[in-house]
Amino acid sequence: MTDGRTAAPHTVLTMDTTITAAAAADGHGGLPTEWQAILDMCRPPGGLAVAEIAARMHIRLTPMTLLLGELAERGLIEHRPPLEGAETTNVHLLMKIRDNLARI
């Protein structure tokens, strides 16, 4: 899947980087199956974290970051860094999320 690559030289992705497909849904018919699956699950506007994509694809994190790096290099995905610490440590927001998840 990675064609022997061990690093993506220009794209740095962490496990909590958010990935969103940049290509149109019908524009990736000739791509490898794994790439198509990634683009399908990362449709805008939301996107998914690198770790979640790896888990859904049953691929270890390192090969997944290489695949995503290749997709980024080709302009097929957009990536954004994780939220800043201040945005993820709001206790009141986390409690609200917990309460809403408990209702599901």
So, for [X] and [Y], which heavy atoms are closest and what is the spacing to 0.1 Å?
| X | Y | value |
| --- | --- | --- |
| Ala49 | Met15 | CB-O, 3.9 Å |
| Ala22 | Gly75 | CB-O, 3.6 Å |
| Ala21 | Pro44 | O-CG, 3.4 Å |
| Met57 | Glu34 | CE-O, 3.8 Å |

Exercise. Applying salt bridge (charged side-chain N to carboxylate O under 4.0 Å, His left out), which residue pairs with at least one partner in residues 92-104 are found, sequence neighbours left out?
Worked result: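 Listed by first then second residue: nothing to list.
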Problem set entry | Counterpart residues, side chain to side chain donor-acceptor pair (under 3.5 Å), relative to Thr14 (two or more places apart) | Asp16, Thr17
Seminar exercise, completed: Residue set satisfying side chain to side chain donor-acceptor pair (under 3.5 Å) with Thr18, at least two apart, ordered chain then number -> none
Problem set entry | Interatomic spacing from CD in Glu70 to CD1 in Ile77 - rounded to 0.5 Å | 10.0 Å
Problem set entry | Separation of Leu66 CG from Ile59 CD1 (nearest 0.5 Å) | 10.5 Å
Exercise. With a 4.5 Å limit on heavy-atom distance, are the side chains of Met64 and Ile38 in contact?
Worked result: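 They are in side-chain contact.
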Exercise. Heavy atoms, side chains only, cut-off 4.5 Å: are Ile19 and Leu71 in contact?
Worked result: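 No, their side chains stay 4.5 Å or more apart.
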Exercise. With Cys42, which of Leu68, Ile53, Thr20, Leu76 fulfils side chain to side chain contact (heavy atoms under 4.5 Å, CB included)?
Worked result: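 The passing option is Ile53.
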